[in-house]
Chemist: 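Sharing a structure with you now.
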Amino acid sequence: MRFATWNVNSVKARLPRLLDWLEHTAPDVVCLQETKVGEDGFPADEVGELGYRTAAYGQGRWNGVALLSRVGVEDVRRGFPGEPGFPDPEARAVSAVCDGIRFMSVYVPNGRTPDDPHYLYKLEWLRVLRDVLAADLAAGPLVVAGDFNVAPADADVWDPAVFAGSTHVTPPERAAIAALRDLGLTDVPARAMKGDHPFTYWDYRAGMFHQNKGMRIDHVYASADLAAMVTDAVVDREARKGKGPSDHAPVVVDLKR
DNA sequence: ATGACGTTGCTTCAACGA
């Protein structure tokens with residue numbers, strides 16, 4: 001089985017690239033984030049022509065997540081119980097069972113700055129997510145993948161000094177991610193296609209991608225049974241190249257069951 | 001140098017992103 005996660009930064013703007021990438025990468029399941037479209041506007045017909053069924057959760061202009069699967073989509077859950085809002089709940093998590101595995105696509109709140117209320121929202125969102133995932137883990141095989149908006153270690157940003165005092169690297173954010181790992185979720189480390197740093201995000205501005213000044217903030221966490229079956233995981237930096245890319249690259253995981 | 005770039009929408013600039 002091959003699955004992937006990708007923050008597409010608008011599924012409408014990225015549709016031609018998404019369809020091309022689906023054809024060439026041929027994943028069985030895809031976790032999408034920042035679709036920026038309501039459920040009615042999601043291009044389900046277009047991905048359907050490639051054999052994918054869709055479970056979308058969207059709200060329009062901001063956020064939005066989805067699952068694409070060509071191995072079935074059952075028991076779809078939009079959001080999760082007790083999910084915090086800002087102030088209202090946002091479209092940041094969707095999960096479904098695909099071929100016996102529960103996949104959850106997550107778009108963790110950004111946090112903006114450490115002194116912003118959005119930062120406390122981010123930490124609370126991750127805290128409640130942890131409790132939800134504990135229950136999901138008890139129920140069976142689980143993959144939680146998406147844009148976590150946290151760089152778990154200093155090596156996950158191109159220059160730690162630049163990020164001092166910023167979100168994405170603070171100890172409370174890193175502790176919130178570590179708490180997910182402590183549940184028994186295993187970080188599936190993706191290799192870089194080029195260079196030593198498997199970054200998944202590069203700012204559009206100032207040629208950051210071409211200088212490889214990026215961040216590793218998109219992650220795949222898997223239950224231990226699945227993590228043991230992983231045969232390869234890679235950041236598809238090819239998808240970040242060229243005209244009209246997302247600012248995130250997909251992470252593609254292969255596992256042999 | 002606190003900028004740069006890209007997407008969205010009750011657009012003609014502001015909000016947001018990380």
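Below, read A as the first sequence line, B as the second, and so on, with proteins coming before strands; counting in each chain starts at 1.
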Chemist: Does the side chain of A/Trp6 come under 3.5 Å of the side chain of A/Asp236 through a donor N or O and an acceptor N or O?
Modeler: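 A/Asp236 and A/Trp6 do not have a side-chain donor-acceptor pair below 3.5 Å.
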
Chemist: Determine the interatomic distance between P on B/dA15 and the same-named atom on B/dA4; round to the nearest Å.
Modeler: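 Here B/dA15 and B/dA4 have their P atoms 16 Å from each other.
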
Chemist: With a 4.0 Å cut-off, would you call A/Glu39 and A/Arg78 a salt bridge?
Modeler: yes

Chemist: Categorize A/Asn63 for me: base, sugar-phosphate, or nothing, with a 4.0 angstrom heavy-atom threshold over every strand shown.
Modeler: nothing

Chemist: Roughly how many Å is it from NZ in A/Lys122 to C1' in B/dG17, rounded to a whole number?
Modeler: 11 Å

Chemist: Taking the C1' atom of each, how far is B/dT7 from B/dA18, in whole Å?
Modeler: 15 Å

Chemist: Could you give the CG-to-P distance, from A/Asp203 to B/dC5, as a whole number of Å?
Modeler: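 A/Asp203 atom CG is separated from B/dC5 atom P by 10 Å.
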
Chemist: Got a salt bridge between A/Arg77 and A/Asp75, using NZ or NE/NH1/NH2 to carboxylate O under 4.0 Å?
Modeler: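 Answer for the salt bridge query: yes.
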
Chemist: Using a heavy-atom distance cut-off of less than 4.0 Å, which residues of residues 147-157 of chain A contact DNA chain B?
Modeler: A/Asp147, A/Asn149

Chemist: Would you measure the distance from the P atom in B/dC13 across to the matching atom in B/dT2 and give it in whole Å?
Modeler: 23 Å

Chemist: Could you tell me whether A/Tyr201 contacts a base, only the sugar-phosphate backbone, or nothing, with contacts defined as non-hydrogen atoms closer than 4.0 Å?
Modeler: sugar-phosphate

Chemist: Tabulate atom names and distances for all N/O pairs under 3.5 angstrom spanning the protein and nucleotides 7-16 of chain B.
Modeler:
{"from": "B/dT7", "atom 1": "OP1", "to": "A/Arg14", "atom 2": "NH1", "distance (Å)": "3.3"}
{"from": "B/dT7", "atom 1": "O3'", "to": "A/Ser10", "atom 2": "OG", "distance (Å)": "3.2"}
{"from": "B/dT8", "atom 1": "OP1", "to": "A/Ser10", "atom 2": "OG", "distance (Å)": "2.4"}
{"from": "B/dT8", "atom 1": "O2", "to": "A/Arg61", "atom 2": "NE", "distance (Å)": "3.1"}
{"from": "B/dT8", "atom 1": "O2", "to": "A/Arg61", "atom 2": "NH2", "distance (Å)": "2.4"}

Chemist: The criterion is side chain to side chain donor-acceptor pair (under 3.5 Å); which residues satisfy it with A/Trp158, sequence neighbours excluded?
Modeler: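 Result, side chain to side chain donor-acceptor pair (under 3.5 Å) vs A/Trp158: none returned.
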
Chemist: Whole Å only: how far is the CH2 atom of A/Trp202 from the P atom of B/dG17?
Modeler: 21 Å

Chemist: Could you state the atom-to-atom distance from NE2 of A/His210 to P of B/dA4 in whole Å?
Modeler: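 It works out to 19 Å between those atoms.
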
Chemist: Nearest 0.5 Å, what's the OH-CG distance between A/Tyr221 and A/Leu180?
Modeler: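 CG of A/Leu180 is found 7.0 Å from OH of A/Tyr221.
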
Chemist: Regarding A/Tyr107, tell me which of base, sugar-phosphate or nothing describes its non-hydrogen contacts under 4.0 Å with the strands shown.
Modeler: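 Answer is sugar-phosphate: A/Tyr107 comes under 4.0 Å of backbone atoms only.
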
Chemist: Taking B/dC5 as the reference, what is the distance to B/dC10 when you measure between their C1' atoms (whole Å, please)?
Modeler: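 The same atom, C1', in both gives a distance of 25 Å.
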
Chemist: Whole-Å distance between B/dA18 P and A/Tyr121 OH?
Modeler: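 Between P of B/dA18 and OH of A/Tyr121: 13 Å.
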
Chemist: More than 12 heavy atoms of other residues, nucleotides or ligands under 6.0 Å from CG of A/Asp40: is that the case?
Modeler: no

Chemist: Could you check how far CZ of A/Arg205 sits from P of B/dT2, rounded to whole Å?
Modeler: 13 Å

Chemist: What's the gap between B/dT12 and B/dA1 when it is taken at their C1' atoms, as a whole Å value?
Modeler: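 Nearest-Å result for B/dT12 against B/dA1 at atom C1': 28 Å.
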
Chemist: Taking atom types as modelled and ignoring hydrogens, do the side chains of A/Asn9 and A/Glu34 form a donor-acceptor contact shorter than 3.5 angstrom?
Modeler: no

Chemist: Pick the closest DNA chain B nucleotide for A/Ala206 and for A/Gly111 by heavy atoms, then say which residue is nearer the 5' end.
Modeler: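 Looking at DNA chain B, the more 5' nearest nucleotide goes with A/Ala206.
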
Chemist: Ignoring backbone atoms, establish whether A/His248 has a side-chain N or O less than 4.0 Å from OP1 or OP2 of B/dA18.
Modeler: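 Yes, A/His248 has a side-chain N/O under 4.0 Å of OP1/OP2 on B/dA18.
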
Chemist: Just to be sure I understand the rule, does A/Met208 reach a base, reach only the sugar-phosphate, or reach nothing, if contact means heavy atoms closer than 4.0 Å?
Modeler: nothing

Chemist: Between A/Asp203 and A/Lys213, is the closest basic N to carboxylate O distance under 4.0 Å?
Modeler: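 So A/Lys213 does not pair with A/Asp203 through a salt bridge.
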
Chemist: Distance check needed: B/dC5 P versus A/Lys213 NZ, whole Å only.
Modeler: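 Going from NZ in A/Lys213 over to P in B/dC5 covers 15 Å.
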
Chemist: Using the rule salt bridge (Lys or Arg N to Asp or Glu O under 4.0 Å), only one of A/Asp225, A/Asp99, A/Asp28 pairs with A/Arg257; which is it?
Modeler: A/Asp99

Chemist: Without decimals, in angstroms, what is the distance between A/Glu34 CD and B/dA18 P?
Modeler: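 Roughly 5 Å, once rounded to whole Å.
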
Chemist: So does A/Pro152 get a backbone contact from the side chain of A/Arg174, meaning a donor-acceptor N/O pair under 3.5 Å?
Modeler: yes

